[in-house]
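Have a look at the structure below before the remarks.
Small disclaimer: the values here were computed from a predicted structure and weren't measured. For reference, positions follow the sequence shown, starting with 1.
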Amino acid sequence: QTCALPISALTEAPVPADGGAPVPAAEGGDDEGSVFPAGAAWWGVPGALGGIVLAGLGASIGYGLTRSKTSAASDLLGETGLWVAMLGTAVFVSRRYGRGSLARDYHLAIKAKDLIWGLIALAGALVVVQGVLVGFSGTKFAGSNDQIITQQKGHELGLVIVAVLVALGAPFFEELFFRGFLRTALRRRFGAHGSVWLQAVFFGLAHFGESKTSLGNVSVVLAMFGVGVVFGYTAKLTGRLGAGMIAHCLFNLLAVALVL
């Protein structure tokens with residue numbers, strides 16, 4: 001759903017008289033934090049480009065050290081470069097437009113009950129992914145993005161490193177960037193529901209190119225889009241990123257287990 005706002009509201013953050021940080025949203029909901037100006041979302045573009053450059057640089061360093069593009073070192077350094085850009089973007093936008101706190105601006109927090117919410121979100125994500133897999137089964141659009149795991153089979157240390165990357169690193173940084181920064185930045189222009197769906201589109205596109213075949217990326221992107229919707233609504237309903245991070249962690253751990 002799109003929330004129509006006055007033009008002035010799309011270009012300026014609500015700022016108190018003393019020129020401080022933007023005030024919280026006036027609309028209802030369980031996850032209201034800082035409301036960034038609509039233009040804040042555009043910082044995701046240099047963030048993404050910076051992530052691509054740093055990821056490529058890291059992977060190149062890993063290749064130089066191991067002479068292998070599929071080594072765990074290449075994956076580790078490449079992912080680290082990507083995550084540095086994601087974290088840097090979230091921190092920069094928080095300090096420039098928000099209250100300078102990842103917890104207050106993006107609801108980076110976790111509570112005991114988030115474990116239950118995380119399990120519910122995991123079930124929802126699995127249903128969505130299974131639906132996509134069944135729908136594209138036997139077609140040229142069927143694909144998977146588990147190569148980062150499968151290429152480490154037979155390399156115990158590499159498998160452990162990759163498992164830590166996908167189970168701990170990816171859930172934290174991807175949830176912070178997509179469900180934290182991007183969803184928050186898009187909410188002013190597109191509303192609480194529209195921001196959930198739109199960040200999921202970008203989350204799905206971020207996984208383009210991970211399939212072994214070009215056409216296989218169709219099912220991968222659609223599956224990740226669905227997962228992004230589930231995790232986006234999890235953040236909206238719980239008012240925190242914790243449950244989504246738990247679900248994301250368990251989802252990736254399950255992928256590792258299925259490959260072993």
Side-chain angles (χ1 to χ4, degrees), residues 47-48 50-91 102-103 106 108-112 114-115 117-119 121-123 125-126 129 144-181 203-204 206-212 220 223-224 227-228 230-231 234-235 240-260:
I52 292 173
V53 171
L54 291 177
L57 178 61
S60 297
I61 294 174
Y63 175 77
L65 294 173
T66 63
R67 313 307 298 177
S68 172
K69 294 182 179 180
T70 61
S71 69
S74 295
D75 290 333
L76 173 61
L77 294 175
E79 291 298 312
T80 298
L82 179 63
W83 295 338
V84 165
M86 286 183 168
L87 178 61
T89 302
V91 170
L102 299 183
Y106 307 126
L108 179 58
I110 187 169
K111 295 184 178 181
D114 286 335
L115 177 59
W117 279 107
L119 291 173
L122 171 64
L126 291 175
V129 170
S144 66
N145 62 341
D146 59 359
Q147 288 90 295
I148 189 174
I149 305 170
T150 58
Q151 64 193 14
Q152 297 304 325
K153 294 185 72 172
H155 304 278
E156 288 78 8
L157 178 59
L159 191 58
V160 170
I161 292 174
V162 169
V164 171
L165 288 177
V166 301
L168 296 180
F172 178 84
F173 293 104
E174 291 180 7
E175 293 304 310
L176 176 61
F177 184 84
F178 289 100
R179 263 63 75 179
F181 151 68
F203 181 68
H207 290 79
F208 181 85
E210 295 182 354
S211 176
K212 295 177 181 178
V220 170
M224 292 301 100
V227 170
V230 172
F231 291 169
T234 299
R240 294 177 301 280
L241 297 180
M245 288 180 174
I246 291 174
H248 200 148
C249 171
L250 295 176
F251 183 90
N252 286 357
L253 278 177
L254 183 59
V256 173
L258 291 175
V259 169
L260 295 180

Enter the distance from Ile110:CD1 to Met245:CE here, rounded to the nearest 0.5 Å.
8.0 Å

In Å and rounded to the nearest 0.5 Å, what is the OG1 to CG distance from Thr150 to Leu258?
12.5 Å

How close do [X] and [Y] get, heavy atom to heavy atom, and via which atoms?
{"X": "Ala121", "Y": "Ala247", "answer": "CB-CB, 3.7 Å"}
{"X": "Met224", "Y": "Gly204", "answer": "CB-CA, 3.9 Å"}
{"X": "Leu176", "Y": "Tyr106", "answer": "CD1-CD1, 3.9 Å"}

Can you give me every donor-acceptor pair (side chain of residues 52-66, partner residue at least two apart or in another chain, under 3.5 Å) with its distance?
residue, atom, partner, partner atom, Å
Ser60, OG, Gly56, O, 2.8
Thr66, OG1, Gly62, O, 2.8
Thr66, OG1, Ser68, N, 3.3
Thr66, OG1, Ser68, O, 3.3
Thr66, OG1, Ser71, OG, 2.9

Return a table of donor-acceptor pairs under 3.5 angstrom between the side chains of residues 151-173 and protein atoms on other chains or two or more places apart.
residue, atom, partner, partner atom, Å
Gln151, NE2, Asp75, OD2, 3.1
Gln152, NE2, Thr70, O, 2.6
Lys153, NZ, Val259, O, 3.4

Quick one: does Glu175's side chain have a donor or acceptor within less than 3.5 Å of a partner on Gly242's backbone?
no

So, do Met86 and Phe178 sit near enough that their side-chain heavy atoms are less than 4.5 Å apart?
yes

Is the shortest heavy-atom distance from the side chain of Leu254 to the side chain of Leu126 under 4.5 Å?
yes

Give the ring-plane orientation class for Phe203 versus His207, where under 30° counts as parallel, over 60° as perpendicular and anything between as tilted.
perpendicular

With sequence neighbours left out, what residues match Ala223 under side-chain contact (heavy atoms from CB on, under 4.5 Å)?
Val129, Val132

